[in-house]
Amino acid sequence: MKTFNYHSAKDVKEASKLASSSSAFLAGGMTTIPSMKLGLASYKDIINIKNIKKLSGIKVTSKNVTIGATTKHVEVANSKEIKKALPSLASLAEGIGDPQVRNRGTIGGSIANNDPAADYPSACIALNAIIHTNNRKIDAENFFRGMFETCLKKTEIIEAIEFEIPQKSSYQKLPNPASRYAVVGVYVAKHKTGINVAVTGAKACVYNDKDLAGALKKDFSSSAIDKVKILSSGMNSDIHASADYRANMVKVFAKKAVDAC
Amino acid sequence: MASLVGSRVERKEDKRFLTGKGRYTSDINIVNQTYAIFIRSPHARAKIKKIDTSKASKAPGVVDILTGEHIAKDKIGGLIAGWAIRSEDGSEMKCPANPPLAKDNVNFVGDPIAVVFAETLDEAKAAAELVKVDYKILKAVTSLADTMKSETIHEGIDKNMCYDWLLGDRQKVKEAFDKADKIIKLDITNNRLIPNAMEPRACVVDYNTASEEITCYTTSQNPHLSRLIMSAFGGVTPENKLRVVAPDVGGGFGSKINLYNEEIVCSWAAKKIERPIKWVAERTESFLTDTHGRDHITHAELAVTNDGKFLGFKNETIANLGAYARVFGTVTPTYLFGPCATGVYVMPAAYTNVKAVYTNTAPVDAYRGAGRPEATYTIERIVDKAAIELGMDPIEIRMKNFPTEFPFKQTLVHQVDSGDYVGGLNKAKEMSDYDGFATRKKESESKGKLRGIGVTTYFEACGIAPSPVVMMLGCGVGLWESAEVRFNPTGQVTVYTGSHSHGQSHETTFAQIAADELGVPIENIDVVHGDTDKGTFGMGTYGSRSLAVGGIAIVNACKKIVTKGKKIAAKMLEASEEDVEFKDGEFVVSKSNKKKTIGEVAFASYLPGVRDEVKSPLPEGEEPGLVESSFFDPANFSFPAGSHICEVEIDPETGEVKLDKYTAVDDFGTIVNPLIVEGQVHGGLAQGIGQALYENAQYDQTGQLITASYMDYTMPRADNFPEFNIGYTCTKATTNPLGVKGCGEAGTIAATPTVMNAVINALGGREISLPATAEKVWKACKENKKSKAEAA
Ligand SMILES: Cc1cc2nc3c(=O)[nH]c(=O)nc-3n(C[C@H](O)[C@H](O)[C@H](O)COP(=O)(O)OP(=O)(O)OC[C@H]3O[C@@H](n4cnc5c(N)ncnc54)[C@H](O)[C@@H]3O)c2cc1C
């Protein structure tokens, strides 16, 4: 690991001021630190944001679940309120990585990083999330831009993620046996206003599968999904799963999610 | 006093391991040490045109940079294959030179070519980035199947072949096959594995300029052997000036048998730069450069009668040695593999033919089980295939071909002294509720799942020794083991063993046996290992040999202590030696019941005279002190055996395999500590199951390791396993006084075929290659559906 300057920001303003094109915020460090150790990334400044109290915490109302950016996966998984209001989200958090990762990794870090196989981005899309940053509010569908790419500016800090509580929802994933990231993860959510079928792991970036959502709009049942054709073009292919397998798994896990709704 | 052999004594090691007080190589720091970073080839095969260190050597903190040129100039020898294997035609095996730092050619990604020493680790890393290497990249040979047709990697090694070895009788096999009703054929790939010891390799080397002694702390399974090789073949320094210490070592699984480039380079360099050196592998380096395991392609055929009797067997294997032949590299796919090829069965005729070849991949060497898992996988898979093709139950076909009398002269080499294969399989059948499988299968099917059951019966040859045999087979050293037992004057005992514990719990097991032999409380016994300056000599730990060979040396040394003690006690008790008996730590004169404890006798042995109340003249001709040593070389290998049965449940929609039940019934002979043996079985099973379902080292065509991190190389985790159902049968080994056989590798040997047999059973007999990953199983399920539809 290359040497760097370490800062512990006391508030969002300071953190933002310290940030530059050669800095990273330190939340759980579960992505940043390994990539620095492996020499895949190096930063001049590491800005710890974990001591900013305002960034952490869970708030549940009748309509929304709002989670502070530095809230850890374990806290979401164990939150009694989330388990009651939005159990699919708690169970998603419980299925991330392993206990060590869940004890440190944060929701803000996860979505800022936008790993194509990360779980939370699918929740953001499925649950019509609004990403609150230090200077704006971003709809989830505009937030995720591509592989490891978001619309965040370098000095911009996610403060909280606001999820809409749907009528029904479920997240089902096929975990990568090695890392436990999603080979394919499908988050189905039925809102008053419409249905989202967010798919992660399958392509370069999380996406809302309009065909699946369309089929479910007509008939909210797993058999409705059978009729949808899912193409393997554009799907990821790696040693754990070919594009063809992934395309099939999108269907299988969409069905599992609908059945579990 | 109750015997400790057989009781679940809690591990003496645990206090320090569980409280973070273990002392591993990387915990050692020496004042004024420098940090080493190795520069490694990023290419699988290339010529080194030029190494430019000019910029790097001026970088801050750099102490020195050494390359293969320096190694050659100082005539430092390379790494060696420990076993000389001959081809079927009698020719000698062909091994390339493997210098500690490559000078002219690099042959796998990770092959070290230079080393930077700097004041800090960061400075060493920064400087290493400034070393410029000019390579001429050559085409890498990576496909095992095509290796013999590919470009020659090492000059003069035709077809990239090390040897073309045969064990058995081709003619007899042909005759047997001619008589067969049916020939069962099987093609398999035994997937390459990366051992993944929890502690990465490391070494810390100190050089004393006054005594000219080099001390090398290292992560070794056999420090004495490392010293021998480093001195005799590496030419680093004479043995008496070299001390090798392997302190606490966090797992080896065979990957730490070898003496590696880094240990030779750092030991040599510490003297050269006159500074201590510290090197600790990063995890990526472990993936790239620790010796890997398995990696065979096999074609096997089994000749059977219609009623399921075996007539003959052939096994034709191509074994990957990787870029170089290392210590156990050449013997693992031959004498550790071939003799076990016919499994636990009466097999009238058999042969094993192995072509061992070089590729541009990391060297392949012994990995837990070494050869025996590969052999067992092949025979157990083909026996199951025979059962399927003959419409027989897998247990029935096995029972039909078991030997019933022992000693059992196994087809190819071994004279198996003891065993009860029928009893073992019956017990496993019962413990696993084999007969209830049909009901459980129905239950699974009602949930849309598939269920399969798999059986494996195995034996293995371990307790790796005896010297006359292994040397005849090509081993470069004798594989005995030594021990020294030292009574302190105040009554505690120190046991020195030449074997090494890197997770095997010798400090407990060996103390138990010494406590029983000497009648001394276990708290008063310390076991010392892993330091060439402490204890006599040793061949180390691998091949489940520590207890069956090393443990027996301890028993024998203890018996010598008792013999001498008896003489001293007789003198002290004014009795004749014949009248003195030793029991539970006391020397007793049977007639008078006068006695002396062994502690009193030990004390007396160090005070050979008469003064005031001390009256302990030694018997005539006896030397003072109570210290004895022993070198034990058994008459034969030992032969654990067992029967494993497991059940898997498959989701045909996703192909995910869930291991649902696992029963292991093993015969390890006498069990000294059931707690420790269970741990060994659990760990072995985890690795064997890992090979069946998860682990798979993969190189791409250019020789890049694409599974070089835990994000891609699937290590099994606790939640992948059910609660293991473990049982034992016991037939004692007849070749050692404890009757022990060895338990370290059994789980790994048996689990892989057990799980795969279950997966294939669930798939209705459809073949599938290792490992049974979700996508492969999903495809097989789809194929099955298709053929069913076509049939209908
Ligand atoms: C072994 C392993 C397994 C994993 N398995 C899974 C899995 O199954 N599913 C899954 O979804 N994830 C998985 N992860 C990812 C993990 O859950 C973390 O969410 C992820 O690593 C990033 O979160 P972090 O808090 O650790 O972020 P950090 O590593 O601290 O930061 C990552 C990036 O996000 C930026 N960042 C962090 N916080 C903010 C913020 N508030 N505002 C703006 N930018 C910010 C940082 O600048 C940095 O660039 C795994 C990780 C590991 C190491």
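A note on names: the letters A, B, ... follow the listed sequences, proteins ahead of strands, and every chain is numbered from 1.
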(message) I'd like to know if the side chain of R717(B) reaches the main chain of A178(A), judged simply by a donor and an acceptor atom lying under 3.5 Å from each other, with no hydrogens or angles considered.
(response) yes
(request) Please name the pair of heavy atoms, one in T654(B) and one in M249(A), separated by the smallest distance, quoted to 0.1 Å. (result) CA-SD, 3.8 Å
(message) Working to the nearest 0.5 angstrom, can you tell me the gap between E282(B) CD and K37(A) NZ?
(response) 8.5 Å
(request) Against chain A, label E129(B) side chain, backbone, both or neither, depending on which of its atoms sit under 4.5 Å from a heavy atom there. (result) side chain
(message) Quick check on R766(B): does its CZ atom have over 12 non-hydrogen neighbours (other residues, nucleotides or ligands) under 6.0 Å away?
(response) yes
(request) Examine whether an atom of N696(B) lies under 4.5 Å from a heavy atom of chain A, and if so say whether it belongs to the side chain, the backbone or both; otherwise answer neither. (result) neither
(message) Under a 4.5 Å cutoff for heavy-atom pairs, which residue among N176(A), D238(A), N248(A) has the most contacts with chain B?
(response) N248(A)
(message) Can a donor-acceptor pair be found, under 3.5 Å and without considering hydrogens, that links the side chain of Q698(B) to the backbone of I239(A)?
(response) no
(message) Between D712(B) and chain A, with a heavy-atom cut-off of 4.5 Å, which part of the residue counts as in contact: side chain, backbone, both or neither?
(response) both
(message) Heavy-atom cut-off 4.5 Å, strictly under: side chain, backbone, both or neither for K256(A) against chain B?
(response) side chain
(message) Given heavy-atom pairs under 4.5 angstrom as the criterion, report whether the side chain, backbone, both or neither of T3(A) touches chain B.
(response) side chain
(request) Calculate, to the nearest 0.5 Å, the distance between atoms CD and CG belonging to E775(B) and D244(A) respectively. (result) 7.0 Å
(message) With a 4.5 angstrom heavy-atom cut-off, is it the side chain or the backbone of K776(B) that approaches chain A, or both, or neither?
(response) neither
(request) Can you tell which part of T284(B) gets under 4.5 Å to a heavy atom of chain A, answering side chain, backbone, both or neither? (result) side chain
(message) Heavy-atom cut-off 4.5 Å, strictly under: side chain, backbone, both or neither for D700(B) against chain A?
(response) neither
(request) Go through the atoms of E656(B) and report whether side chain, backbone, both or neither lie under 4.5 Å from a heavy atom of chain A. (result) side chain
(request) Rounded to the nearest 0.5 Å, what's the gap from CH2 on W778(B) to OG on S242(A)? Could you check? (result) 6.5 Å
(message) Does K447(B), at its NZ atom, have more than 12 non-hydrogen atoms belonging to other residues, nucleotides or ligands within less than 6.0 Å?
(response) yes
(message) I'd like to know if the side chain of Y245(A) reaches the main chain of K779(B), judged simply by a donor and an acceptor atom lying under 3.5 Å from each other, with no hydrogens or angles considered.
(response) no
(request) Among the options R180(A), K251(A), K2(A), H240(A), pick out the one with the most heavy-atom pairs lying under 4.5 Å from chain B. (result) R180(A)
(message) Which atoms of A126(B) are under 4.5 Å from chain A, going by heavy atoms: the side chain, the backbone, both sets, or neither?
(response) neither
